[in-house]
Amino acid sequence: MGIETSCDETAAAVVEDGADILSNVVSSQVDIHKRYGGIVPEVASRQHLITALPVVESAMAEAKTTWRDLEAIAVTIGPGLAGSLLVGVNLAKAIAVAYSLPLIGINHMEGHIYANWISGDKPVFPCLCLIVSGGHSDMVLMSGHGQFEKLGRTRDDAAGEAFDKAARILDLGYPGGPAIEKAARDKEASFLLPRAWLKGSDDFSFSGLKTALLHLVRDNDFSDSSKVAEAAASFQQAVVDVLATKTIRAAERLGVEQILLSGGVAANKALRDCFISNSTVPVLIPPPGLCTDNAAMVAACGYYRHQSGAVDGYDMDVIPSLSLG
Ligand code: KG4
Ligand code: ZN
């Protein structure tokens, strides 16, 4: 079983052999946080408290399994919101104690990568992982299970954060990624917005792009909704260009077998299409529902950690700023 409560999704899943999803239950708080235009940590942790047990019970019922059939319990310990993480970690500890199950703490970013193990074709090492979420834009070389070397990261805004801020600038609502994608569909990227290539580095930067969008909207008449949609398409195109071009170049340079995409932004169709059409290196991308936060990815990651003999003690704590590699 995997449990995930790092941000605003309460999720539990049962996965067999690290690959087959028996159940995957996600309860989103998006409608609760929408009115604030972003996640309110205190509200998120209180909502996890209400939802966590029913979500775990649903995951067990859907998987048609018994507590005694479970082999281990994996839970996200970070990175994420401390109060939110604590709810999942304490619930996982209680289940581990009650049913004498090994407890395994999971890095949420590593979990995102493992969404590629429950999506059909198995990844082949070495692979280059691009994890693009609300808090991270990481380029990570993975040479084996649990073996990560971080090559690049964002120097300012994460890709998902940039989508969320751009949507706010364009008054498209929250969460920004799906809102921008919807507005941009079939629209021309008619505004030329800057791309930060950061030559010689695998890092990313999106704050200049965000500022350019802000100036574009401030200095021009955007009362026409088709102009807003074209600005959304131009912004999306700029983010997609940089993410795909830099990752594909790095994969060719490193001679990896595959590129693995993951994280909420990997649900974006323009990004998926750009990688598929332009990469000379085979690309694996989980279905959109496994790119955004879920617990099946946590369970899959837990399976491989368990295989390697990893077990955590009941004194395991949350690590809100945990990083990868
Ligand atoms: O991985 P995730 O669900 O949670 C974190 O670990 O952060 O990622 C959430 C982020 C948000 O910033 C959201 O706007 C973005 O992923 N996102 C998208 C799309 N769906 C979610 N960005 C672009 N296009 C999408 N379709
Ligand atoms: Zn995430």
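Counting convention: from 1, in listed order, for ligands and their atoms alike.
- At least one N or O atom of His112, backbone or side chain, sits closer than 3.5 Å to an N or O atom of ligand 1.
- Residue Asp164 touches ligand 1 through its side chain alone, judged by heavy-atom distances below 4.0 Å.
- The aromatic ring centroids of Phe204 and His136 lie 6.0 Å or more from each other.
- Of the charged side-chain nitrogens involved, none lies within less than 4.0 Å of a carboxylate oxygen, so that Asp202 and Lys246 do not count as a salt-bridged pair.
- Among all non-hydrogen protein atoms, the one lying nearest atom 3 (O) of ligand 1 is Asp293 N, 3.1 Å.
- Ring centroids of Phe222 and Phe191 are separated by less than 6.0 Å, placing the two rings close together.
- With respect to Lys34 and Asp8, no salt bridge is recorded, no charged nitrogen being found less than 4.0 Å from a carboxylate O.
- A donor-acceptor pair shorter than 3.5 Å can be found between the side chains of His48 and Thr10.
- Nearest protein neighbour of atom 9 (C) of ligand 1, counting heavy atoms only, is Gly134 N, 3.7 Å.
- Here Asp273 pairs with Lys269 in a salt bridge; the nearest charged N to carboxylate O distance falls below 4.0 Å.
- Atom 6 (O) of ligand 1 has as its closest protein heavy atom His108 NE2, 3.1 Å.
- You'll find the ring centres of Phe163 and Phe235 inside the 6.0 Å limit.
- For the pair Gly264 and ligand 1, the shortest N or O to N or O distance falls below 3.5 Å.
- Ranking protein heavy atoms by distance to atom 24 (N) of ligand 1, first place goes to Asn268 ND2, 3.0 Å.
- Counting only heavy atoms of the protein, atom 18 (C) of ligand 1 lies nearest to Gly177 CA, 3.5 Å.
- When distances from the Zn ion (ligand 2) to the N, O or S atoms of His108 are compared, NE2 comes out shortest.
- Distances from the Zn ion (ligand 2) show that Cys7 has no N/O/S atom below 2.8 Å.
- Against a heavy-atom cut-off of under 4.0 Å, Gly135 is close to the following atoms of ligand 1: 7 (O).
- Any N or O atom pair closer than 3.5 Å counts here, and Gly160 shares at least one such pair with ligand 1.
- Scanning all heavy atoms of the two residues, the minimum distance from Asp156 to Glu161 falls at O-OE1, 4.3 Å.
- There is a side-chain donor-acceptor pair under 3.5 Å between Ser201 and Arg155.
- If you number the atoms of ligand 1 from 1 as listed, the ones under 4.0 Å from a heavy atom of Glu181 come out as 24 (N), 25 (C), 26 (N).
- Residue-level proximity to ligand 1 for His136 is absent, since no heavy atom of it falls below 4.0 angstrom.
- When distances from the Zn ion (ligand 2) to the N, O or S atoms of Asp293 are compared, OD1 comes out shortest.
- Between the side chains of Glu4 and Ser6, a donor-acceptor pair is found at a separation under 3.5 Å.
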